[in-house]
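Here is the structure we will look at.
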Amino acid sequence: QVQLVESGGGLVQAGGSLTLSCAASGSIFSINVMGWYRQAPGKQRELVAAITSGGSTNYAGSVKSRFTISRDNAKNTVYLQMNSLKPEDTAVYYCNADIRPLGVSRYDYYWGQGTQVTVSS
């Protein structure tokens with residue numbers, strides 16, 4: 001019943017900005033860590049950024065000075081603000097969250113379906 005839905009992807013020019021959103025829905029008791037991963041064609045999925053329920057963040061070195069992750073716990077939503085985008089940022093971006101559903105005793109990882117981000121040179 002729990003699901004994650006991403007939005008905000010699209011085509012932008014190098015140097016531009018884009019903001020991604022991911023909303024968790026369903027019967028949710030609590031959410032621990034939320035984060036963003038990305039996967040380019042022919043490459044493995046990699047962590048971009050993560051944020052705890054308390055607001056602590058972690059970034060991949062390649063994006064640390066350009067991207068900002070944030071969340072709204074009341075809306076069960078995580079955001080990724082991407083500035084100074086480069087062609088190397090082109091990938092499918094996936095939302096990930098560690099969620100405890102209502103009536104369930106443990107947390108499990110959930111994935112969104114992904115949203116395409118394309119940066120043109």
Side-chain angles (χ1 to χ4, degrees):
Q1 188 175 25
V2 174
Q3 64 176 338
L4 302 176
V5 179
E6 302 102 333
S7 63
L11 174 65
V12 297
Q13 297 183 63
S17 299
L18 199 63
T19 299
L20 306 182
S21 299
C22 172
S25 63
S27 300
I28 297 171
F29 178 78
S30 64
I31 303 176
N32 188 15
V33 178
M34 302 185 82
W36 291 94
Y37 290 72
R38 67 185 181 187
Q39 187 168 23
K43 302 188 70 177
Q44 295 293 316
R45 191 172 298 186
E46 65 174 352
L47 175 68
V48 177
I51 183 169
T52 69
S53 59
S56 297
T57 59
N58 188 32
Y59 296 91
S62 60
V63 308
K64 193 168 186 176
S65 63
R66 301 181 294 120
F67 292 8
T68 301
I69 189 170
S70 62
R71 64 191 284 172
D72 185 335
N73 292 333
K75 296 181 179 179
N76 288 334
T77 300
V78 63
Y79 307 92
L80 185 67
Q81 182 182 342
M82 303 182 291
N83 298 322
S84 302
L85 283 162
K86 305 175 181 179
E88 306 92 89
D89 296 317
T90 295
V92 177
Y93 284 70
Y94 296 91
C95 178
N96 174 265
D98 194 15
I99 300 173
R100 179 185 172 185
L102 211 61
V104 178
S105 62
R106 70 169 190 169
Y107 286 84
D108 281 309
Y109 290 104
Y110 292 82
W111 291 93
Q113 289 297 110
T115 184
Q116 177 70 47
V117 172
T118 302
V119 184
S120 62
S121 60

Are the side chains of Arg71 and Ile31 in contact, using a 4.5 Å heavy-atom criterion?
yes
| query | Would you say Leu85 and Leu18 make side-chain contact, with heavy atoms under 4.5 Å? | reply | yes
Is there a path of hydrophobic side-chain contacts, each under 4.5 Å between heavy atoms of I, L, V, M, F, W or Y residues, that connects Met34 with Tyr109?
-> no
Heavy-atom closest pair (Pro87 atom, Ser121 atom, distance to 0.1 Å) is CG-CB, 3.9 Å
Decide yes or no for Tyr79 and Ile69: does some side-chain heavy atom of the first lie under 4.5 Å from some side-chain heavy atom of the second?
-> no
Under 4.5 Å between side-chain heavy atoms, counting indirect links through other Ile/Leu/Val/Met/Phe/Trp/Tyr residues: same cluster for Tyr110 and Ile28 or not? yes
Q: Report yes or no: does Glu6 contribute a side-chain atom to a donor-acceptor pair with the main-chain N or O of Gly114 at less than 3.5 Å?
A: yes
Q: Please step through side chain to side chain donor-acceptor pair (under 3.5 Å) for the pair Gln13 and Ser120, ending with a clear verdict.
A: CA-CA 5 Å; Gln13 297 183 63; Ser120 62; 5.4 Å; no
key: Shared hydrophobic cluster for Val12 and Leu20 (ILVMFWY, side-chain gaps under 4.5 Å)   = yes
Separation between CD1 (Ile51) and OG (Ser56), nearest 0.5 Å, reads 8.0 Å
Practice item. Carefully, step by step, assess Tyr59 and Ser65 under the rule side chain to side chain donor-acceptor pair (under 3.5 Å). Key: CA-CA 9 Å; Tyr59 296 91; Ser65 63; over 6 Å; no
- Should Val119 and Tyr37 be counted in the same cluster of Ile, Leu, Val, Met, Phe, Trp and Tyr side chains packed under 4.5 Å apart? no
Value for CG (Leu4) from OG1 (Thr77), rounded to nearest 0.5 Å, stands at 10.0 Å
Rounded to the nearest 0.5 angstrom, the CD-CD1 distance for Gln3 and Ile99 is 10.0 Å
For the ring pair Trp36 and Phe67, is the centre-to-centre distance below 6.0 Å? no
Side chain to side chain donor-acceptor pair (under 3.5 Å) pairs touching residues 90-105, sequence neighbours excluded, are Arg38-Tyr93
message: Assess, by modelled atom type and distance only, whether the side chains of Gln81 and Thr19 contain a donor and an acceptor separated by less than 3.5 Å.
response: no
| query | Between Met82 and Val92, is there a shared hydrophobic cluster once you connect ILVMFWY residues whose side-chain heavy atoms come closer than 4.5 Å? | reply | no
For Gln113, does the CD atom have more than 12 heavy-atom neighbours from other residues, nucleotides or ligands under 6.0 Å away?
no
Beyond-backbone contact of Ser7 with Ser21, side-chain heavy atoms, under 4.5 angstrom
yes
| request: Report the C-alpha distance between Gln116 and Leu11 in whole Å, list the side-chain angles of each, state the deciding distance to 0.1 Å, and finish with yes or no for side-chain contact (heavy atoms from CB on, under 4.5 Å). | output: CA-CA 8 Å; Gln116 177 70 47; Leu11 174 65; over 6 Å; no
Note to self: Quick check: do Ser25 and Asn76 have side-chain heavy atoms less than 4.5 Å from each other?
What the structure shows: no
